[in-house]
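A short worksheet on the structure shown next.
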Amino acid sequence: MPIPNGRCGAAPLDPAMTPDPALTPAPASPTAIRCHGLVKRYADVVAVNGLDLAVLRGECFGLLGPNGAGKTTTIEILEGLTEPDAGEVEILGSTWTRNAKELRERLGISLQETQLNEKLTVGETVLLFRSFYKNGRDPEDVMARLSLDEKRDARVGKLSGGQKQRLAVACALAGDPEVLFLDEPTTGLDPQSRLELWHQVMDFRAGGGTVLLTTHYMDEAERLCDRVAIVDRGKVIALGTPVELISSLHAANVIEFASEPEIGEADLRALPGVAEPHRRGPNWSLPVNSLAETVPPLLALVERSGARLVNLSTHRATLEDLFVSLTGRALRED
């Protein structure tokens with residue numbers, strides 16, 4: 001006997017019960033922040049040069065690079081504060097041209113330099129920023145989390161630089177955002193305040209929030225970021241997890257040394273375990289896997305050449321070592 005509509009034991013389909021695909025909500029995109037072909041020029045200077053990025057929801061993503069690399073310009077475009085000359089930007093599935101008002105309700109922003117009313121108190125400032133949002137966090141809780149509760153009644157103008165930086169982050173969190181933009185968030189902070197801010201970033205991410213931060217502190221990027229984009233001259237030159245990026249050096253350690261007179265590059269390349277020696281300021285930088293394999297032959301080379309060893313140090317390979325190997329410049333060069 002034929003089966004009605006080809007479905008075993010099922011009644012014929014009722015068109016009225018069939019969901020309309022046009023009315024079915026699309027699943028949320030796994031991408032929180034996306035930009036493609038981003039370009040920004042200031043006169044003859046190209047600050048951002050065809051930059052592409054995709055930040056996943058729930059991810060802490062770092063933009064790493066030296067001063068002038070285009071990090072701040074990029075993040076200001078993504079925040080809707082600067083208009084790009086070319087390219088596309090999408091935040092939480094929306095664009096600034098279509099949904100600017102709604103987007104601002106869902107974002108928290110801490111600028112590299114935040115100018116706050118110096119005559120207001122800390123408590124008044126956080127309360128003011130909370131009032132900008134329909135929904136948000138308890139101002140008292142925000143101040144406590146950033147260790148500002150004891151400064152509740154202090155005027156902003158009387159705060160230290162580090163306290164003002166923490167207040168800027170507190171204001172960014174006041175609206176309980178889905179995405180948090182942090183531009184150089186720990187610059188000027190003392191070590192304890194820096195660690196406190198790191199914990200806030202980790203807590204925000206653990207709660208499902210997305211973080212995009214710019215930094216030139218290697219330990220900060222390695223500690224906080226799920227993925228990192230190294231930016232130079234307005235372009236992404238390397239992208240991956242901190243472990244992946246560091247492993248691309250093919251070296252677990254780095255030897256830095258200087259001698260008078262200098263040892264030639266050809267002699268350094270001939271040392272066991274040395275792959276790509278490069279200059280780092282006045283020093284030679286030698287990425288190696290085994291310090292025990294390379295240091296003794298290096299010292300013997302210096303002695304045979306009659307040179308004087310000026311300095312020698314070793315450290316675990318970092319993101320900065322990768323950047324120097326790619327560009328020949330340090331991340332914190334002016």
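What's counted below: heavy atoms across the whole structure, side chains too, no hydrogens, waters or symmetry copies.
- Distance alone, capped at 3.5 Å, places no donor-acceptor pair between the Thr314 side chain and the Val254 backbone.
- Atom-to-atom distance recorded for Thr318:OG1 and Met218:CE is 6.5 Å, nearest 0.5 angstrom.
- In this structure, the separation between CD on Glu76 and CD on Gln112 is 8.5 Å, given to the nearest 0.5 Å.
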**OP:** With side chain to side chain contact (heavy atoms under 4.5 Å, CB included) as the test, would you mind laying out the steps for Arg166 and Leu197 before giving the verdict?
**Re:** CA-CA 8 Å; Arg166 280 186 280 142; Leu197 187 54; 5.6 Å; no
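- To the nearest 0.5 Å, atoms CE (Met143) and OG1 (Thr125) are separated by 9.5 Å.
- At most 12 heavy atoms of other shown residues, nucleotides or ligands fall within 6.0 angstrom of atom NZ in Lys235.
- Using a 4.5 Å heavy-atom cutoff, the side chains of Tyr133 and Asp176 are not in contact.
- Contact record, Ile75 with Thr214: CD1-CG2, 3.9 Å, taken as the closest heavy-atom pair.
- At a threshold of 4.5 Å between non-hydrogen side-chain atoms, the residues Val169 and Glu196 do not count as touching.
- Counting all heavy atoms, side chain and backbone alike, Asp321 lies closest to Arg316 at OD2-O, 3.9 Å.
- Using a 4.0 Å cut-off between charged side-chain N and carboxylate O, Arg304 and Asp267 make no salt bridge.
- Without hydrogens or angle criteria, Thr31 side chain to Ile33 main chain gives no donor-acceptor distance under 3.5 Å.
- For the residue pair Thr72 and Asp183, a side-chain donor N or O sits within less than 3.5 Å of a side-chain acceptor on the partner.
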**OP:** Test Leu64 against Phe323 for side chain to side chain contact (heavy atoms under 4.5 Å, CB included), laying out the working first.
**Re:** CA-CA 9 Å; Leu64 193 63; Phe323 185 85; over 6 Å; no
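- The backbone N or O of Cys60 lies less than 3.5 Å from a partner atom in the side chain of Asp226, making a donor-acceptor pair.
- A donor-acceptor pair under 3.5 Å is formed between the side chain of Thr294 and the backbone N or O of Pro272.
- Heavy atoms from other residues, nucleotides or ligands lying under 6.0 Å from CD of Glu293 number more than 12.
- The shortest distance between side-chain heavy atoms of Leu146 and Leu167 does not fall below 4.5 Å.
- The shortest distance between side-chain heavy atoms of Ile246 and Leu322 does not fall below 4.5 Å.
- Side-chain atoms of Gln165 come within 3.5 Å of backbone N or O of Pro185 as a donor-acceptor pair.
- With a 6.0 Å radius and a threshold of 12 heavy atoms from other residues, nucleotides or ligands, Arg41 has its CZ atom at or below the threshold.
- Taking CG from Leu312 and CG from Asn283, the interatomic distance works out to 9.0 Å, rounded to the nearest 0.5 Å.
- Using a 4.5 Å heavy-atom threshold, the side chains of Leu173 and Leu180 count as touching.
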**OP:** Give the C-alpha distance, both sets of side-chain angles, the deciding distance and a yes or no for side chain to side chain contact (heavy atoms under 4.5 Å, CB included) between Phe204 and Val201.
**Re:** CA-CA 5 Å; Phe204 180 82; Val201 172; 5.7 Å; no
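- A distance of 7.0 Å separates OG of Ser248 from CG of Leu326, quoted to the nearest 0.5 Å.
- Atom NE2 of His315 is surrounded by more than 12 heavy atoms from other residues, nucleotides or ligands within 6.0 Å.
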Original post:
Given the rule in the side chain to side chain contact (heavy atoms under 4.5 Å, CB included) test, do Cys35 and Ile77 qualify, once you have shown the distances and angles that lead to the verdict?
Top reply: CA-CA 10 Å; Cys35 66; Ile77 292 172; over 6 Å; no
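- Inspection of the Ser94 and Glu102 side chains reveals no N or O donor paired with an N or O acceptor under 3.5 Å.
- Side-chain atoms of Gln163 and Ser193, non-hydrogen and from C-beta on, never get closer than 4.5 Å to each other.
- Side-chain atoms of Trp96 come within 3.5 Å of backbone N or O of Leu78 as a donor-acceptor pair.
- There is a path of hydrophobic side-chain contacts, each under 4.5 Å, that joins Phe61 to Leu51.
- Lys151 NZ: 12 or fewer foreign heavy atoms inside a 6.0 Å radius.
- In this structure, OH in Tyr217 is found 5.5 Å from OG1 in Thr186, a value given to the nearest 0.5 Å.
- By the criterion of side-chain heavy atoms lying less than 4.5 angstrom apart, applied directly or through intervening Ile, Leu, Val, Met, Phe, Trp or Tyr residues, Leu103 is not grouped with Leu56; the two fall into different hydrophobic clusters.
- The backbone N or O of Lys119 lies less than 3.5 Å from a partner atom in the side chain of Arg155, making a donor-acceptor pair.
- Here the shortest heavy-atom pairing between His278 and Glu276 reads ND1-O, 3.1 Å.
- Under 4.0 Å is where a charged nitrogen must lie from a carboxylate oxygen, and between Glu105 and Lys134 no such pair does.
- By the rule that hydrophobic residues join a cluster once side-chain heavy atoms approach within less than 4.5 Å of another member, Leu213 and Val48 end up as members of separate clusters.
- For Gly37 against Asp52, the heavy-atom pair with the smallest separation is N-OD1, 2.6 Å.
- When all heavy atoms of Val89 and Leu38 are compared, the pair lying nearest together is CG2-CD1, 3.6 Å.
- Under the 4.5 Å side-chain contact rule for hydrophobic residues, Leu299 and Leu271 share a cluster.
- Residues Leu291 and Leu301 share a hydrophobic cluster, clusters being chains of Ile/Leu/Val/Met/Phe/Trp/Tyr side chains in contact below 4.5 Å.
- Between Glu88 and Arg34 there is a salt bridge, since a side-chain N of the basic residue sits under 4.0 Å from a carboxylate O of the acidic one.
- A 4.5 Å side-chain heavy-atom check between Leu298 and Leu286 finds at least one atom pair inside the cut-off.
- Put simply, the side chain of Gln200 gets close to the backbone of Arg145: a donor and an acceptor are under 3.5 Å apart.
- The existence of a salt bridge linking Glu265 and Arg269 is confirmed by a sub-4.0 Å separation between a basic side-chain nitrogen and an acidic carboxylate oxygen.
- When all heavy atoms are compared, the tightest approach of Ala154 to Leu159 is CB-CD2, 4.3 Å.
- Residues Ser325 and Leu249 meet the side-chain proximity criterion, which asks for heavy atoms closer than 4.5 Å.
- Remark: side-chain polar atoms of Lys164 are not paired, donor with acceptor, to backbone N or O of Gly157 under 3.5 angstrom.
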